[in-house]
2 protein chains.
Amino acid sequence: MNTTVTIDLQRASQLLKLLGDPTRLTMLKLLKSHECCVCEFVEIFKMSQPAISQHLRKLRDIKLVKEERRGQWIFFSINENHENYPFIQSILEHLPEQNESIAELEEQGLRVCCQ
Amino acid sequence: MNTTVTIDLQRASQLLKLLGDPTRLTMLKLLKSHECCVCEFVEIFKMSQPAISQHLRKLRDIKLVKEERRGQWIFFSINENHENYPFIQSILEHLPEQNESIAELEEQGLRVCCQ
DNA sequence: ACAGTTTATAATTATATGCTTATATACGCA
DNA sequence: TGCGTATATAAGCATATAATTATAAACTGT
């Protein structure tokens with residue numbers, strides 16, 4: 001008996017295409033352990049704010065990430081309830097932790113904390 | 001102690017981009033259990049021969065598949081010795097078997113066998 | 001040597017992608 | 001209300017991608 005949950009091939013290729021971009025893949029890996037807001041990604045990737053926003057929109061459109069406004073900032077987090085989260089997770093597991101990026105942000109005092 | 005083998009993020013996104021196409025992803029899933037030659041793929045995907053060849057070239061360029069000429073035909077197979085094969089395999093595991101495609105070929109007498 | 005079959009490659013084209021710049025929107029604070 | 005900050009969206013543009021058609025190359029069998 002085969003109990004492995006499989007994922008439709010069209011769907012899988014759609015998800016893989018989204019992950020097949022270094023910026024979005026790193027974003028997801030980061031979001032797996034830390035919430036981040038847009039301005040943090042701008043610092044981490046040294047990329048323009050609209051570019052970051054557009055990547056996040058793609059991830060949000062297929063509901064891989066959630067957003068939550070807190071004051072001025074919008075925090076993004078990974079959507080663990082996504083139908084295909086196990087698939088996504090099994091991919092992210094193979095990637096090295098991106099803690100350095102976050103550590104650097106903190107050193108520079110650029111990490112957004114707002115509780 | 002963490003013994004998980006990780007894969008460089010740039011490399012991972014490159015591989016995922018390649019898999020992020022339904023034709024190539026299906027090809028790899030098929031090749032995981034059966035060797036196939038180009039003309040078989042042409043039948044399975046109802047796609048032109050050059051289109052198939054070009055997809056296979058991309059998979060071959062990155063060494064995910066091997067080719068072997070036998071007479072008129074060139075058989076493609078998955079390269080299990082690829083450095084990142086464990087990563088690829090962990091993705092393909094989530095996909096449904098594509099046995100129907102091969103079964104249909106056999107029914108139509110289009111399966112190439114040449115031992 | 002020649003004809004038929006299989007595959008690869010080159011050139012072209014249409015569409016997709018990812019960035020840029022410009023602008024709009026939403027919020028916090030004085 | 002007005003200003004500064006954070007984010008989203010729209011438009012434009014350069015490059016990448018995936019198909020097509022045309023052609024070349026490698027092999028088989030006569």
Side-chain angles (χ1 to χ4, degrees), chain A residues 9-10 13-28 31 35-77 105 109-115, chain B residues 9-10 13-28 31 35-77 105 109-115:
Chain A
L9 230 141
Q10 293 296 324
S13 63
Q14 185 191 24
L15 291 169
L16 293 171
K17 187 174 213 170
L18 267 171
L19 302 198
D21 173 277
T23 304
R24 286 191 297 266
L25 189 60
T26 309
M27 278 177 165
L28 281 176
L31 289 176
E35 293 187 320
C36 285
C37 64
V38 179
C39 59
E40 290 174 326
F41 282 133
V42 170
E43 281 303 320
I44 291 171
F45 293 107
K46 307 294 180 205
M47 202 177 276
S48 76
Q49 175 267 316
I52 295 294
S53 258
Q54 282 159 25
H55 281 301
L56 284 168
R57 181 161 62 161
K58 290 188 182 185
L59 294 175
R60 196 194 49 194
D61 281 351
I62 53 162
K63 299 187 173 35
L64 276 184
V65 302
K66 299 176 293 183
E67 58 176 284
E68 183 192 329
R69 181 179 277 277
R70 288 192 217 138
Q72 281 176 294
W73 299 281
I74 298 180
F75 284 78
F76 284 83
S77 59
L105 270 196
L110 294 170
R111 184 104 175 103
V112 175
C113 298
C114 57
Q115 339 296 345
Chain B
L9 229 141
Q10 294 295 324
S13 63
Q14 185 190 25
L15 291 169
L16 293 171
K17 188 174 211 167
L18 266 173
L19 303 197
D21 173 278
T23 304
R24 287 192 296 267
L25 189 60
T26 309
M27 279 176 163
L28 281 177
L31 289 176
E35 293 187 318
C36 285
C37 64
V38 179
C39 59
E40 290 173 326
F41 282 133
V42 170
E43 282 302 321
I44 290 171
F45 294 107
K46 307 294 181 207
M47 204 177 276
S48 76
Q49 175 267 316
I52 295 294
S53 257
Q54 284 159 25
H55 280 302
L56 285 169
R57 180 160 63 161
K58 291 189 181 187
L59 294 176
R60 195 193 51 194
D61 281 352
I62 204 171
K63 298 186 171 40
L64 277 183
V65 302
K66 298 176 294 184
E67 58 176 283
E68 184 190 330
R69 181 177 276 278
R70 288 189 216 139
Q72 282 176 291
W73 299 280
I74 298 181
F75 285 77
F76 284 82
S77 58
L105 269 195
L110 294 170
R111 185 106 175 102
V112 175
C113 298
C114 56
Q115 345 292 346

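Just the heavy atoms: all of them, side chains too, but no hydrogens, waters or symmetry mates, feed the values below. A, B, ... follow the sequence lines: proteins, then strands. Residue 1 opens every chain. Just so we're clear, the structure is a prediction, and the values are computed from it rather than from any experiment.
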Under 4.0 Å between a side-chain N or O of [X] and OP1 or OP2 of [N]?
X: His55(A); N: dT17(C); answer: no
X: Arg24(B); N: dA18(D); answer: yes
X: Ser48(A); N: dC19(C); answer: no
X: Arg69(B); N: dT28(D); answer: no

Separation of [X] atom [atom1] from [N] atom [atom2], in whole Å?
X: Arg70(B); N: dT5(C); atom1: CZ; atom2: C1'; value: 18 Å
X: Ile52(B); N: dA8(C); atom1: CD1; atom2: C1'; value: 13 Å
X: Phe45(A); N: dG18(C); atom1: CZ; atom2: C1'; value: 14 Å
X: Asp21(B); N: dA18(D); atom1: CG; atom2: P; value: 5 Å
X: Phe75(B); N: dT5(C); atom1: CZ; atom2: C1'; value: 14 Å
X: Gln49(B); N: dA18(D); atom1: CD; atom2: C1'; value: 15 Å

Q. Hey, does Phe76(B) reach any base, or is it just sugar-phosphate, or nothing, if we go heavy atoms under 4.0 Å?
A. sugar-phosphate

Among [options], find the nucleotide with the atom closest to the side chain of [X].
X: Ala51(B); options: dT7(C), dT20(D), dA8(D); answer: dT20(D)
X: Pro50(B); options: dT7(C), dT20(C), dT20(D); answer: dT20(D)
X: Arg57(B); options: dA8(D), dA19(D), dT9(C); answer: dT9(C)
X: Lys17(B); options: dT17(D), dT9(C), dT20(C); answer: dT17(D)

(Q) Quick check: closest heavy atoms across Arg69(B) and Gly71(B), and the distance to 0.1 Å? (A) NH1-O, 3.1 Å

**Q.** Upstream residue (5' side of DNA chain C) when Lys58(A) and Gln72(A) are each assigned their closest nucleotide
**A.** Lys58(A)

Q. Is there a donor and acceptor pair, one atom on the side chain of Gln54(A) and one on the base of dT7(D), closer than 3.5 Å?
A. no

